[in-house]
Amino acid sequence: MRVSETFIPTLREDPGEAETVSHRLMLRAGLIRKVAAGIYTYLPLGLRVLRKIERIVREEMNRAGAQELLMPVASPAELWRETGRWDFYGKELLRFKDRHERDFCLGPTHEEVITDLFRREVRSYRQMPLNFYQIQTKFRDEIRPRFGLMRGREFIMKDAYSFDRDEAGARLNYQKMYDAYNRIFTRCGLTFRPVEADTGLIGGTSSHEFMVLAETGEETIVYSEDGTYAANVERAEVLPPETSDQAAHRPLTPVSTPGRRSVEEVTTFLKIEPQHLVKTLLYSAGKETVAVLVRGDHDVNEIKVKRLLGVPELELLKPELVPGLTGAPVGFAGPVGLKQVRILGDWAVKAMANFVVGANQADTHFVDANWERDFNVDQFADLRNARAGDCSPRKDGTLKTAKGIEVGHVFMLGTKYSQAMKATFLDAQGQEQLAIMGCYGIGVSRTAAASVEQNHDAKGIKWPVPIAPFHVTLLPLSQSQPVTQLADSLYHAMQDSGIEVLWDDRDERAGVKFNDADLIGAPYHLVIGEKGLAQGQVELKFRHTGVTQKIAPDQVLSLLGSLLKAAS
RNA sequence: CGGGGCGUAGCGCAGCCCGGUAGCGCGCCUGCUUUGGGAGCAGGAUGUCGGAGGUUCAAAUCCUCUCGCCCCGACCA
């Protein structure tokens, strides 16, 4: 395509609205424009990138035996009521009424719709296994959309749903999808890592997230540097400590800690390490109030607490309710003498002795507290976030942490949806069975943004070949006849041999063209200038390395051809 | 929803505190020169100052309300 005939509105300056790298560069390079918060138009260049990713996704999904279909964006409330998600999904589900006052929503995911299809159409085990996928616009009314395409409200997702006769079949489909995802993100040129994950609102029995490793990622993952373990920090197990503090228990002693509330304030004031303090966090879990005890330098993992309690919602107790419960202002809560509250303790607390806790009295803490002697812990469990330096739960080394962008997520659903919606089939014995389901998502638009996060420099984007909007930018630096003529013939020759080329045919100065080319980020730039041409040469620049190479015009096709072949 | 910030020309911003002619840079249009890393000179066009209401002789500026956007948090396949 010719730049002069293509809508590529590049921006010289950073737009005021964008701070994140991918958001900024995608706006500046003319890939996207905002319509409303978290809602974007994909401009020609941006759409080309999405189509490339979609193509890779389709090829790998088809190869893995999934079949493409397309479900509607709008779906009726009745399906969502069947699974309870009409209420449970909350405000993220964008709802509306049609002209007959019937409730509808815009699909944030499609388990209900596909399960409805399955139960209407599939009768026999002979029709299974099945795996359907679609690439479609999804809508989630996020509380806070941000970072451009990274967390949009409307976005493009590939979602797949598998239906199996039994657990073994479901596991096989899960594995196929897991493998396909590895191939997809590898082909997209991303540095990523599959990690064990929590199942969240989708539910189900187990899942993995595919994380693109990037500093700006919203997720934290932990992994064993030497081993194979990797998990989202939400999910990562923490093993109980192997040794515990055997020190003789000293007597419980109140000390004055005026105005010292936070861990930092208290430990600084008492001149102790945070490892010798126990934090007491009060939560409301449904109708119950629970106290969670963790070591001063640890963080509570609320997902683990929720799972242990078997409750869907967990919220820190509202500050105004704390004094009524503890008899002290916020900041001085402790387990000693705490009434009407279930007390949960993290494993690390079990290994402690003679520690500091709040005294449930203003401006007072206890030192030398000990569990069992001074207070009762109803249950010890793994309740904290894993962190760097912890032992891997597989005991295959020490954990490190990294930031990641979730671009894919695979779930074993089991019968959660087939049960709720009575999606059954007759097995070989004529018995009615529930379909065993799995579901598998890829954020297509987010994948594009993640790639930019991972592949850029101060000048702009550095697209990997397989998802670049164009393979080559052709940059004739003057309007002189020999230069234009060569550009024209190379342009057509490249097109004829299947090389996707963007020809900057504008009468612009060299600097403008160079800067736009760097910003847009095609992997190869072919520069034709008067000086080089006088010596019978053109210049090939590799956007990723910045390396340039002088070559004869008649070598361009074969060289680019082999470079592209090697890179895709 | 809580906290912080912003809304002035297509884009990036100044002006607001302390009310009185709406400005700068880039881009855009015309002409000449220039042409290997965002050109120079000359000339030109472009504004419901987010919206509504109020105070005032006078509001971009002060007050009230409202809409939108960004960042942090809560939240979240």
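The sequence lines fix the lettering, A, B, ..., with proteins before strands; numbering per chain opens at 1.
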With a non-hydrogen cut-off below 4.0 angstrom, is [X] in contact with a base, only sugar-phosphate, or nothing?
X	answer
K91(A)	nothing
E302(A)	sugar-phosphate
P9(A)	nothing
K34(A)	sugar-phosphate
R446(A)	nothing
K459(A)	base
E218(A)	nothing

Interface with RNA chain B, restricted to residues 142-149 of chain A and to heavy atoms under 4.0 Å: I143(A), R144(A), R146(A), F147(A)

Under-4.0 Å side-chain N/O to phosphate OP1/OP2 contact, R12(A) with rC11(B): no

Selected nucleotide, minimal atom distance to N515(A) side chain, candidates rC70(B), rC76(B), rG38(B): rG38(B)

Side chain to side chain, D159(A) and C439(A), heavy atoms closer than 4.5 Å: no

N/O-N/O pairs, protein side and nucleotides 3-8 of chain B side, under 3.5 Å:
none

Ion pair check, K550(A) and E539(A), cut-off under 4.0 Å: yes

Ion pair check, D346(A) and K304(A), cut-off under 4.0 Å: no

Report all interatomic pairs (protein N or O, nucleotide N or O of nucleotides 41-45 of chain B) with separations under 3.5 Å.
none

Show each protein N/O and nucleotides 31-34 of chain B N/O combination with a separation under 3.5 Å, one pair to a line.
residue	atom	partner	partner atom	Å
rU34(B)	O2	R509(A)	NH1	2.8

hbond_proxy E508(A) side chain to rG38(B) base (donor-acceptor, 3.5 Å cutoff): no

Geometric cation-pi criterion, R95(A) with W86(A): 6.0 Å, 45°: yes

Which atoms of nucleotides 12-16 of chain B (N or O only) lie under 3.5 Å from a protein N or O atom, and what are those distances?
residue	atom	partner	partner atom	Å
rG12(B)	OP1	G16(A)	N	3.1
rG12(B)	O2'	E13(A)	OE2	3.3

Pairs touching residues 440-449 of chain A that satisfy side chain to side chain donor-acceptor pair (under 3.5 Å), sequence neighbours left out: S162(A)-Y440(A)

Mutual orientation of the aromatic rings belonging to W503(A) and Y491(A) [parallel < 30°, tilted 30-60°, perpendicular > 60°]: tilted

